[in-house]
Amino acid sequence: MLFDKKRKLLKKPNKEAEQELRNQIEAEGGLEKNDIPAMVLSAFLVIVPAVLGALLVVVLLCFLFFM
């Protein structure tokens, strides 16, 4: 029952919308040679510190409760 609600929220991929987005990107100049690696690097620079911070909080709470 819980998962049925979540399934309704997820949309199936729309090929027409994807093609329209690709056309819009190309119309605005497209992607440059190093855009994809830059986007991946920036994603890691955003996600990794957040995950490390959450892990640090969990470890500190474990030390607090078990020491």
Side-chain angles (χ1 to χ4, degrees):
M1 210 154 184
L2 175 67
F3 296 112
D4 290 336
K5 291 180 183 179
K6 290 185 180 183
R7 282 188 187 167
K8 291 178 184 177
L9 295 176
L10 297 176
K11 296 180 181 178
K12 292 185 178 182
N14 185 353
K15 297 290 183 183
E16 294 172 358
E18 181 180 344
Q19 186 62 35
E20 182 179 328
L21 180 60
R22 287 178 190 264
N23 291 339
Q24 183 181 1
I25 289 172
E26 288 299 322
E28 293 178 4
L31 295 175
E32 292 182 9
K33 180 181 178 183
N34 293 326
D35 281 350
I36 301 294
M39 287 188 274
V40 171
L41 179 64
S42 65
F44 279 122
L45 290 175
V46 169
I47 293 170
V48 169
V51 169
L52 288 177
L55 184 62
L56 180 66
V57 168
V58 169
V59 168
L60 289 175
L61 286 174
C62 287
F63 277 130
L64 179 67
F65 286 123
F66 295 113
M67 287 287 189

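Quick caveat: nothing in here was measured; it's all calculated off a predicted structure. The figures here come from the full heavy-atom set of this structure, side chains too, leaving out hydrogens, waters and symmetry mates.
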Donor-acceptor pairs under 3.5 Å, side chain of residues 19-30 to any protein atom, not counting sequence neighbours: which ones?
residue : atom : partner : partner atom : Å
Gln19   : NE2  : Asn23   : OD1          : 3.3
Arg22   : NH2  : Glu18   : OE2          : 3.1
Asn23   : ND2  : Gln19   : O            : 3.3

Contacts table for residues 37-55: side-chain donor-acceptor under 3.5 angstrom, sequence neighbours left out:
residue : atom : partner : partner atom : Å
Ser42   : OG   : Ala38   : O            : 3.2
Ser42   : OG   : Met39   : O            : 2.9

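The side-chain contact (heavy atoms from CB on, under 4.5 Å) check on Phe63 picks up Val59, Met67, with sequence neighbours excluded.
Residue Leu56 shares its hydrophobic cluster (ILVMFWY side chains chained together at separations under 4.5 Å) with Leu60.
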